[in-house]
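Heads up, the thing below is written out as structure tokens.
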Amino acid sequence: MRSGTVHALVGENGAGKSTLMKILYGMQKPDEGTIAIHGEQVAFGDPGEAIARGIGMVHQHFMLADNLTVLENVVLGCEKAYGIGGRARARIKEISDAYGLGVRPDALVEDLGVADRQRVEILKVLYRGARILILDEPTAVLVPQEVDALFENLRGLKSEGLTVIFISHKLGEVLSVADAITVIRRGTTVGDADPKSTTAKQLAELMVGSELPSPETRESTVTTEPMLTVEGLRLSETDSDGVERTVLDEIGFTIHKGEVLGIAGVEGNGQAELVEAVMGMRTLNAGVLTLDGRDISRVPTRARREDGIGYIPEDRHRHGLLLEAPLWENRILGHVTERPNSRGFLIDPAAARRDTERIVADYDVRTPGIEVTAASLSGGNQQKLIVGREMSHLPKLLIAAHPTRGVDVGAQAQIWDQIRAARHEGLAVLLISADLDELIGLSDTLRVMYRGRLVADADPATITPEELGSAMTGAAAGHLEHEPAAAGTAVPKQAQPEEAAAETAGGEDR
Amino acid sequence: MKKFDKDRALLGLAAPVLAVLGALIVTGLVLLASGKEPFHAFHVMMTYGSKSDSQVYILNKATPYYLSGLAVAIGFRMNLFNIGVDGQYRLAAFFAAAVGGSMSIPGFIQIPIIILTAMVVGAAWAAIAGVLKVTRGVSEVISTIMLNSIAGIVIGYFLQDGRLGVTDKLASTVTTKPIPSGSHLFNFTTQTDPVVGFIVFAGLAGVLYWFVLSRTRFGFDLRSVGRSESAAQASGVSVKKMVIVSMLISGAMAGLVGMSTLLNQSYQFSTDFPAGIGFTGIAVALLGRNNPIGIAIGALLWAFLERASNGLEFEGYDKEIVGVIQGAIVLAVVIAYELVRRYGLTRQQRQVGAELAAAGSVDKQEVTA
């Protein structure tokens, strides 16, 4: 890759993107092959050496200390460069102004939004003198407007002669920001693409290695029988300063059998708490939850799961898996009281193992066996295992929080298909996602969550991601009507051109 | 698949073997530094420790160590650090002795009553720490340490003439009333000293520990909490309930620790009742990787080292050298396990990657074909 460009790296999960980046950043050693920077061959033993060579990495999960200021976070671990006082502050200002990052050195990180935190991460890397920036799925947590701002920043960096390596699953974004694209699949480079002459569909096919099935119109499976009814839900929590804060207020909605209800919203507006409330992991302050005609407001989590709530958690490492346990034990997790995992009070390892083999085969979990630990699988395969596990118990209601986050195109389509197929059988789905294309493409009904309230609703057949995005920032309330005048390019959903549909990698209407 | 498992078993053995070797090297260096010849010292330990009366001594010592190790391991399996086994077993043995001394009914009824009393007292004492943790967020490390100290004071208060103790005129000590001979537990006679009969119960406890943890739903829940509290909660385990239940079980197991001494050897509780076994249990559980067989090996090793220290004393060595060995083993164990664990994880990740790459290239050929 040339200096002064944005080079995108795309590929399926488990294709080796993260491994490649780890090698570049000195976290892992290559068995063979060389890396050259400015024509000079280098080998890194640890990230420190990579940083010294001007390589910086912005991780997908931010590595910031919430209770410190931006200045403190930036100088942390790099105190020698410009000290920790006025000189450091001046340097931060200088970098911030030069690249238009707009970072305030004395703000507390916990007060910053996701986009601001990301800019702090970028600044942190630049502060350490990086000339080559690696961004690992930087747009996964941003709303469209924030993505645009990020791309502005990237173009600023580029014009200053810095090189950016950009990892993403969202092919539309890749095409709009990258100067060059490299596609990798199963550990090898399968091709380079020129963003000017490539379409998202071609790129997706290159990634998956086969032609994508063409989108087809879908029929509604929504019935009139309510599956989950939420009324007057209120939840408050006491933060570390002892101040009581309302995180969910007056939440009310109904999901019918065969319906997918999508909740849009910038992360941290109460979606996680809503999921935990429905799962029974938090005690409600007020409100009634009715599942299939039965009041479950006071029922413990285990009984709710036995009743037929499936759960694809937002953070699979924290809530979905036992990382150091073998796959078959992870298959039992969450369904320990149900067959085939147990008989009476005893668990049945033989049956659980057999069923794990079945899930691995049916859901295309790529693993050499079921005795390996969950931690050794790639993120997408872990997710496939979770989806397989939850679907195996034929849930009545599926809570899917970011079901395809960090999952490659192939697996994404597969997970969507499974959700659609189950919906056809009468499954109700509560879908929470930051991927607006996914939300619009999958949902039958859309609600927008802002500061713990459901402030707006929209019809997924007509709304555009941009309109939804602005409602998510609290700019609009009530029923969102699509205005053709405001967005002239928008077209009715059923007649969307192939390219636009393929932008989400075939995610819609299949 | 078979090979995979064999490799894993090898890795599992590597840590304790490395730890013991490392500890021996450290001890050898200490001996050299003090101007003594290390190999001769090790030789003395081996020969003295393997004599037949030593063997009996080791088995009798290892019995309480094993139970103590199990009690600690139950907590470890769900990330609870029950340091309070020491107080729990002493208090349990004391009240069990008091109950046993005050009754005179047939042994087949009285012995179970004594054992049950010990388990209930141990469980109740441990439950205090569990309840404090769940309701007030008090770290069980702090509360159990304090409860150890309080247990000592409680025993001191009740072990007085006129309360639950009687003064032994000859030895001028205060003890509980001796348990009637009808309620003494059976022993296994050998050519030298007898082996305590309670060792059978210790073995049963080990089997029960394995069965409950790896074969029951409850055990699965408990291990899930230990591996990831958040994932366990999301899976439907009530973590708070689990903390209390596991503290109860750990305490009940701790209650058994003093029983081999009480029912097979001393038949009464006095001020010289063995103390500190709860802390030995922590080392033994660490050494045994919370595995019932591993803990048994750890308990035997510990008892062997203690026995061998006597032999060293006869030969003019300082018996404290055994303390150095034991300390070095615990340190080495913690380090070796972490090293082996990390190595195993990265190795597995590499294996998974390699096998998938191989599978991938096969796939690709199929596509092109």
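Keep in mind that the numbers below use all heavy atoms, side chains included, and drop hydrogens, waters and symmetry copies. Below, chain A is the first sequence line, B the second, and so on; all start at residue 1.
- Top candidate by heavy-atom pairs under 4.5 Å with chain B, chosen from Asp348(A), Asp315(A), Thr337(A), is Thr337(A).
- The aromatic rings of His393(A) and His335(A) sit parallel to each other, their planes meeting at less than 30°, with 60° as the upper class boundary.
- Residues of residues 275-283 of chain A that come within less than 4.5 angstrom of chain B, heavy atom to heavy atom, are Met279(A), Met281(A) in numerical order.
- Side chain of Tyr66(B) to main chain of Gly298(B): no donor-acceptor pair is present (N/O by atom type, distance under 3.5 Å, no hydrogens or angles).
- Both the backbone and the side chain of Arg318(A) come within contact range of chain B, each with at least one heavy atom under 4.5 Å from a heavy atom of that chain.
- Contact of Pro300(A) with chain B is not made at all, since no heavy-atom distance falls under 4.5 Å.
- A donor-acceptor distance shorter than 3.5 angstrom exists from the side chain of Gln414(A) to the backbone of Tyr363(A), with no hydrogens or angles considered.
- One finds the CD1 atom of Ile184(A) at 4.5 Å from the CG atom of Leu9(A) (value rounded to the nearest 0.5 Å).
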Apply salt bridge (charged side-chain N to carboxylate O under 4.0 Å, His left out) to the pair Arg304(A) and Asp307(A), showing each step before the final yes or no.
CA-CA 5 Å; Arg304(A) 292 188 198 195; Asp307(A) 256 11; over 6 Å; no
Stepwise salt bridge (charged side-chain N to carboxylate O under 4.0 Å, His left out) test for Glu338(B) and Arg341(B)
CA-CA 5 Å; Glu338(B) 191 53 28; Arg341(B) 192 184 70 87; 3.1 Å; yes
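- Among residues at least two apart or in separate chains, side-chain hydrogen bond (donor to acceptor under 3.5 Å, both in side chains) pairs with a member in residues 122-135 of chain B are Lys133(B)-Glu140(B).
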Contacts table for residues 210-219 of chain B: side-chain donor-acceptor under 3.5 angstrom, sequence neighbours left out:
from	atom 1	to	atom 2	distance (Å)
Trp210(B)	NE1	Ser214(B)	OG	3.3
Ser214(B)	OG	Trp210(B)	O	2.6
Thr216(B)	OG1	Val212(B)	O	2.4
Thr216(B)	OG1	Gly219(B)	N	3.0
Arg217(B)	NH1	Gly344(A)	O	2.9

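- Interatomic distance, Met259(B) CE to Thr117(B) OG1, rounded to the nearest 0.5 Å: 8.5 Å.
- Only the side chain of Tyr311(A) has a heavy atom closer than 4.5 Å to any heavy atom of chain B.
- Annotation: the span from Leu286(B) atom CG to Ile295(B) atom CD1 amounts to 10.0 Å, rounded to 0.5 Å.
- Heavy-atom neighbours of chain A within the stretch residues 236-257 of chain B, taken at a separation under 4.5 angstrom, comprise Gly236(B), Val237(B).
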Is there a salt bridge (charged side-chain N to carboxylate O under 4.0 Å, His left out) between Arg305(A) and Glu390(A) once you walk through the steps?
CA-CA 10 Å; Arg305(A) 296 192 78 135; Glu390(A) 299 304 324; 3.0 Å; yes
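- If you measure heavy-atom distances from Leu323(A) to chain B, you find no contacts under 4.5 Å at all.
- Taking CD1 from Ile386(A) and CG from Asn330(A), the interatomic distance works out to 8.0 Å, rounded to the nearest 0.5 Å.
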